[in-house]
Each structure stands twice: as C-alpha cells, then as structure tokens.
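Values in this document were obtained by computation on a predicted structure and should not be read as measured data. Because only heavy atoms are used, hydrogens play no part in the values below, and waters and symmetry mates are left out as well, while side chains stay in.
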Amino acid sequence: MAMGRSVNNMSVALFGGTFNPVHHGHLRIAIELAELLEVDTLRMIPCALPPHREALTVSAEQRMCMLQAAIGGHPKLTADNIELRRDGPSYTIDTLRQIRAQIGSQVPLHLCLGIDVLNTLDSWHHWQQLTDYCHLIISARPDYHLPEHGVLAEWINQHRRDNLEQLKQTSAGKLYVCDTSLLAISSTDIRDRISRGNAIDFLTPTAVVNYIQQHHLYE
Ligand code: ATP
C-alpha cells in the first residue's frame, strides 16, 4: 500500500448489472457513487447467466465489450469480468465471497444497487447474508420506492443507517440509501427502440451505439 493514502481510498465498490446494453443512466450513477464513496475506481460487473432474466439474445462477451467501449479510459470506472470467468449462474453472494477473500476482512466493501433491484432482493440466493460481506449502497431510480411492508422492509430498516461517514469506517453490515441523479433511461427502452427501428443516440455513449449497429444487436 502506498504511503499517504486515506482509509477510504482502500475501499472497494462494485456495481453489478446485466448491462444489456449499458447506458448513460448506469454510467452517470456509477460516477456519482464513486465520488460519494471516495473510491479510486468503481468496478462495473456484468453478470454471466442472470438467474432472474429471460435467456439473453446478446452474449455476455458482447455486453462486456459494450461496457468496455462505454467506459473507455475513464479514470473512475473499470469493467470487471469476474462473473464471466465463473461457470454457472452468477450469484452475487459468490462474487462477494471471492472478492472478500482477495481483499481481506478489514477493507470496506460496497455493493451498489438501484432501488428497483433492492425491491427484489429477497429472491436472491442467501440474500440475508449479503451484508456479512459488504455494505449495500442504494441509488434512486425514477418510479421506484423502498418497500414499506413485509420481511424485506423490516430487514432494510434493521440495516439502514443515515450516516455514510460512519458506514465508510466499517467493512460491511449496513445499508445506505443515497440521493443520486434520476435519469429515466433503461436497457429495456433502448432494446425496444432498436426493435422499432428508432435511434438510440444520446441514451448511451456513441461507442456503444456504433457497436450495436456493427453487430446488428437487438434487431
Ligand atoms: P433492463 O431495462 O433490461 O431491466 P436496466 O436498465 O434496469 O435494464 P440493469 O443492467 O438491469 O439495467 O441495471 C444495473 C443496475 O443499474 C441496477 O442496479 C439498476 O438499478 C441500475 N440502473 C439502471 N438504470 C438506471 C437509471 N436510469 N438510473 C439509476 N440506476 C439505474
């Protein structure tokens, strides 16, 4: 470890998704989360075989290529293929265990999820153990709200803390809801536009638009 680095700069932040395709909603939130969490880089992790999604027409490798093209040389973001290197369905708990084994028990590990994803968290493999390995950092998204009733709502209330600075001083165990920008862009909308023959310019970086056109994706 280099001398003079603050504790926060050692933290690791992950932002998983299908990224089918990646868009400016993902990228803008990723930058804001990297700044908020004060991490050197935020690792964007495409999932391999999404257990909750329909079979995808675009390969994991193509989603990864689009993510790399979108990020380009941005200093705060990296594309991490950790889930593509594993066989079988990509369970987040396995990714967290793998990363925790690499970084040790003391380093703060943040898993960033959109509020839409949080709302389905109780369908995830070993979901209540996620906070054994990391903090959950929840970003806003238009038209989604925190659940108000049920087991998931109770679990969120138990783990939720409002002081991000306190959370950054510990390695795992808490949930923080942050106030990031609201951009009404989704991959579903991008795929629908392409299938209708409409333009997707300015919804995702030009490099991604070009990749999609060259490979005739989502047509
Ligand atoms: P789809 O439309 O196919 O469901 P998506 O646009 O929701 O895709 P995902 O790859 O499923 O994209 O999302 C990955 C992560 O990014 C999730 O945590 C999701 O909440 C978040 N996210 C996606 N779009 C936005 C957005 N516009 N604003 C904030 N967060 C977003």
Side-chain angles (χ1 to χ4, degrees), residues 1 9-23 25-27 29-31 33-34 37 39-114 116-118 120-121 123-137 139 171-172 187-188 190-191 204-205 207-208 210-212 214-218:
M1 188 202 328
N9 284 346
M10 288 167 48
S11 305
V12 174
L14 316 175
F15 183 42
T18 318
F19 303 127
N20 186 34
V22 64
H23 54 69
H26 299 129
L27 296 162
I29 296 304
I31 298 287
L33 289 166
L37 297 170
V39 291
D40 287 346
T41 62
L42 180 133
R43 290 156 68 166
M44 298 182 73
I45 304 180
C47 57
L49 292 170
H52 301 103
R53 302 277 176 132
E54 304 286 343
L56 297 166
T57 54
V58 171
S59 72
E61 287 69 27
Q62 286 174 319
R63 289 183 287 117
M64 182 71 186
C65 282
M66 290 189 278
L67 184 58
Q68 284 169 328
I71 290 173
H74 196 285
K76 288 248 174 235
L77 305 178
T78 51
D80 185 335
N81 68 356
I82 183 168
E83 296 196 348
L84 307 189
R85 296 196 304 263
R86 255 191 346 245
D87 289 335
S90 43
Y91 292 120
T92 300
I93 194 90
D94 296 334
T95 304
L96 293 172
R97 286 187 180 124
Q98 201 177 336
I99 292 175
R100 191 44 94 190
Q102 290 162 1
I103 65 177
S105 60
Q106 301 301 312
V107 173
L109 176 58
H110 304 289
L111 175 65
C112 303
L113 304 175
D116 54 313
V117 177
L118 178 69
T120 63
L121 197 73
S123 66
W124 287 22
H125 196 50
H126 297 313
W127 68 277
Q128 286 168 315
Q129 290 172 27
L130 293 169
T131 44
D132 292 349
Y133 299 93
C134 65
H135 294 303
L136 297 182
I137 307 295
S139 56
S171 58
S187 302
T188 303
I190 291 179
R191 295 192 301 270
T204 186
V208 177
N210 292 343
Y211 186 97
I212 289 171
Q214 275 160 17
H215 294 84
H216 303 285
L217 304 184
Y218 311 110

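- With sequence neighbours left out, the salt bridge (charged side-chain N to carboxylate O under 4.0 Å, His left out) criterion links Asp94 to Arg97.
- With sequence neighbours excluded, the residues forming a side chain to side chain donor-acceptor pair (under 3.5 Å) with His135 are Thr170, listed by chain and number.
- Among residues two or more places apart in sequence or in another chain, the salt bridge (charged side-chain N to carboxylate O under 4.0 Å, His left out) test is passed with Arg43 by Asp80.
- Partners of Ser139 according to the side-chain contact (heavy atoms from CB on, under 4.5 Å) rule, which considers only residues two or more places apart in sequence or in another chain, are Ile29, Cys178, Thr180.
- A distance of 4.0 Å separates CD in Gln98 from CD1 in Ile82, rounded to the nearest 0.5 Å.
- Pairing each heavy atom of Ile99 with each of Leu109, the nearest pair is CG2-CD1, 4.1 Å.
- To the nearest 0.5 Å, atoms CG (Leu111) and OH (Tyr133) are separated by 13.5 Å.
- Residues Ala79 and Gln68 share a closest heavy-atom pair of CB-CG, 3.9 Å.
- Heavy atoms of other residues, nucleotides or ligands lying less than 6.0 angstrom from CD of Gln106 number 12 at most.
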Using residues 69-78 as the side-chain source, report each donor-acceptor pair under 3.5 Å to any protein atom, sequence neighbours left out, with the distance given to one decimal.
| from | atom 1 | to | atom 2 | distance (Å) |
| --- | --- | --- | --- | --- |
| His74 | ND1 | Lys76 | N | 2.9 |

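- Nearest heavy-atom pair, Ser187 versus Pro21, reported as atom, atom and distance to 0.1 Å: OG-O, 2.9 Å.
- Listed by chain and residue number, Glu83, Arg86 satisfy the side chain to side chain donor-acceptor pair (under 3.5 Å) test with Thr95 (two or more places apart in sequence, or in another chain).
- Between the CZ atom of Phe15 and the CD1 atom of Ile31 there is a distance of 11.0 Å, given to the nearest 0.5 Å.
- In this structure, Pro205 and Leu27 have side chains that are in contact, with non-hydrogen atoms separated by less than 4.5 Å.
- Remark: Glu61 pairs with no residue by the side chain to side chain donor-acceptor pair (under 3.5 Å) rule, at least two apart or across chains.
- Once rounded to the nearest 0.5 Å, the distance linking NE2 of His126 with OG1 of Thr92 reads 12.5 Å.
- Among residues two or more places apart in sequence or in another chain, the ring-ring contact (aromatic ring centres under 6.0 Å, His included) test is passed with His26 by Phe19, His23.
- The line from CE of Met64 to CG of Leu84 is 6.0 Å long, rounded to the nearest 0.5 Å.
- In this structure Asn81 satisfies the side chain to side chain donor-acceptor pair (under 3.5 Å) test together with Arg85, sequence neighbours excluded.
- Residues passing the ring-ring contact (aromatic ring centres under 6.0 Å, His included) test with His215, sequence neighbours excluded: Tyr211.
- In this structure the side chain of Trp124 never reaches within 4.5 angstrom of the side chain of Ile93, judged on heavy atoms.
- In plain terms, the two heavy atoms of Asp132 and Ala172 that are nearest each other are O-CB, 4.0 Å.
- Here Gln129 contributes atom CD and Cys134 contributes atom SG; the two are 11.5 Å apart, rounded to the nearest 0.5 Å.
- Val58 places a side-chain heavy atom less than 4.5 Å from the side chain of Met66.
- Judged by distance alone, with hydrogens and angles left aside, the side-chain atoms of Ser11 form no donor-acceptor pair with the main-chain N or O of Val39 at under 3.5 Å.
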